Colleague: 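Can you keep this structure in mind? I'll have questions shortly.
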Number of protein chains: 2
Amino acid sequence: MPNLKLDAIDRKILAALQRNARLTNVELADEVGLSPSPCLRRVRILEEAGVIGGYHASLNRSELGLGLTVFVGIKVERHHGAAPDAFRDAVRDMPEVIACHLVSGEADFLLQIVVADLAAYEKLLLGTLLNLPGVTDIRSNFAIRTLKETAPLPLGHLPQ
Amino acid sequence: MPNLKLDAIDRKILAALQRNARLTNVELADEVGLSPSPCLRRVRILEEAGVIGGYHASLNRSELGLGLTVFVGIKVERHHGAAPDAFRDAVRDMPEVIACHLVSGEADFLLQIVVADLAAYEKLLLGTLLNLPGVTDIRSNFAIRTLKETAPLPLGHLPQ
DNA sequence: CAATCGCTGTCATATTATGCCAAATCTGAA
DNA sequence: TTCAGATTTGGCATAATATGACAGCGATTG
């Protein structure tokens, strides 16, 4: 559903800000071949159009003592009644859940969870996850090693 | 493996920059209750210590015409020889793969893939994924709806 | 108590962000 | 091709920010 036409310069801007969101506007303008003024104007337009959703620092989990990443597949009762909404709300309110998707396949929901260690995960699993509304099955897959994470979107492979 | 002790102000800084990486240093300093000078110094220290890994713009995928997110579980032959390394390198070079983890459980690797649509995914699956070195099985789970994505890390739940 | 270490706030200066406006470029029609 | 209208750009002036030097404050240690 693209609402905005992006030209080559816009794509350069997006690629640059994906790579480093703290570039100054002067640096960014230089990189994409514009003067600062129109460059900043394009960035503002991209922000207001929602193409740029936000800017976030990416933190080192293990350095912060959050050493365990778990991918959790959850099955819930056939969707009807208030259970699905309740499940959604509960997941939204869990700070340990950093991503949650409704997916096709074996599981209904796929969650990415970040905690300190196995003990913390056990607590979360037994104390919260298993008690979420409508849950019938949970499979936990632990991330053993991360090869890639939050890589930039493939802007070089945009359609059109 | 925390190498650095973080105090309450450091955590506030991290939380703020996770939420909005384009805060000016003046705004950030005000938010965490410091003057700009020591605030900037702390940010630099956090960057150099690797606690802050980078700053990235988060882009709206559907707005960019990248409407399909797929979670792909891949099994590979029992790890030995050059196959694992070759697999890793191949995955690293695929821009459509925005995340890849070695995981426990059914699959060996869990990939997150972003493409324009089903046709693009079919092409990637048949043309590339199935031909990756050592692959014995692939299961594709399509994201139907995203409830949460790239949520901030749970800094309020740090150990210690 | 005195010395030291770490961290803070203040201040001056270099850089940057931002809005305005004229010039340049593009588009479509005659 | 030429021209008018619409869009976008670059330059400039001003306000805001980043950055580094420096002195002061507070905690710790001997």
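Note that the coordinates shown come from a computational prediction; the quantities given were computed from them, not determined experimentally. Only heavy atoms go into these numbers, but all of them, side chains included; no hydrogens, no water, no symmetry mates. Throughout, a chain's letter reflects where its sequence line sits, starting with A, and its residues are numbered from 1.
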Colleague: Starting at atom CG of Asp7(B), determine the distance to atom P of dA27(D), rounded to an integer number of angstrom.
Modeller: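 My rounded result for the distance is 15 Å.
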Colleague: In this structure, how many angstroms lie between the P atom of dA17(C) and the CG atom of Leu23(B), rounded?
Modeller: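 Rounded to whole Å, this separation is 15 Å.
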Colleague: Check Asp7(B) with Lys5(B), please: is the shortest side-chain N to carboxylate O separation under 4.0 Å?
Modeller: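 Looking at Asp7(B) together with Lys5(B), the answer is no, because their closest N to O distance does not fall below 4.0 Å.
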Colleague: Provide, to the nearest angstrom, the distance between the CD atom belonging to Glu27(A) and the C1' atom belonging to dA14(C).
Modeller: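 Whole-Å distance recorded here is 14 Å.
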Colleague: From NZ of Lys5(B) over to P of dG6(C), roughly how many Å is that when rounded to an integer?
Modeller: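 Nearest whole value for this atom pair: 10 Å.
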Colleague: Any idea which heavy atoms bring His157(B) and Pro95(A) closest together, and the distance?
Modeller: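 Answer, listing the atom of His157(B) first, then Pro95(A): CE1-CG, 3.3 Å.
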Colleague: Report the secondary structure of DNA chain D in dot-bracket form, marking unpaired bases with a dot and bases paired to a different strand with |, and treating Watson-Crick or G-U pairs with both distances under 3.5 Å as paired.
Modeller: ||||||||||||||||||||||||||||||
Colleague: Testing the 3.5 Å rule here: is there a donor-acceptor pair between the side chains of Tyr121(B) and Ser140(B)?
Modeller: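 Yes, Ser140(B) and Tyr121(B) have a side-chain donor paired with an acceptor closer than 3.5 Å.
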Colleague: Enumerate the residues from residues 28-50 of chain B whose closest heavy atom to DNA chain C is under 4.0 Å, giving them by residue number; use none for an empty result.
Modeller: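 Under 4.0 Å from DNA chain C: Leu34(B), Ser35(B), Ser37(B), Pro38(B), Arg41(B), Arg42(B).
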Colleague: Looking at every heavy atom in both Leu126(B) and Asn131(B), which two are closest together, and how far apart are they?
Modeller: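 It is O-ND2, 3.5 Å.
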Colleague: Within the structure provided, determine whether Phe142(B) and Val103(A) are in side-chain contact (heavy-atom separation under 4.5 Å).
Modeller: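 No - every pair of side-chain heavy atoms lies 4.5 Å or more apart.
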Colleague: Is the distance from the ring center of Phe71(B) to that of His101(A) below 6.0 Å?
Modeller: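 So the answer is yes for these two rings.
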Colleague: Spell out, as yes or no, whether a donor-acceptor pair under 3.5 Å connects the side chain of Glu48(A) to the backbone of Ile45(A).
Modeller: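 Side chain of Glu48(A) to backbone of Ile45(A), a donor-acceptor pair under 3.5 Å: no, none is there.
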Colleague: Kindly say whether Ile138(A) contributes a backbone atom to a donor-acceptor pair with the side chain of Lys75(A) at under 3.5 angstrom?
Modeller: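 Such a contact is absent between Lys75(A) side chain and Ile138(A) backbone.
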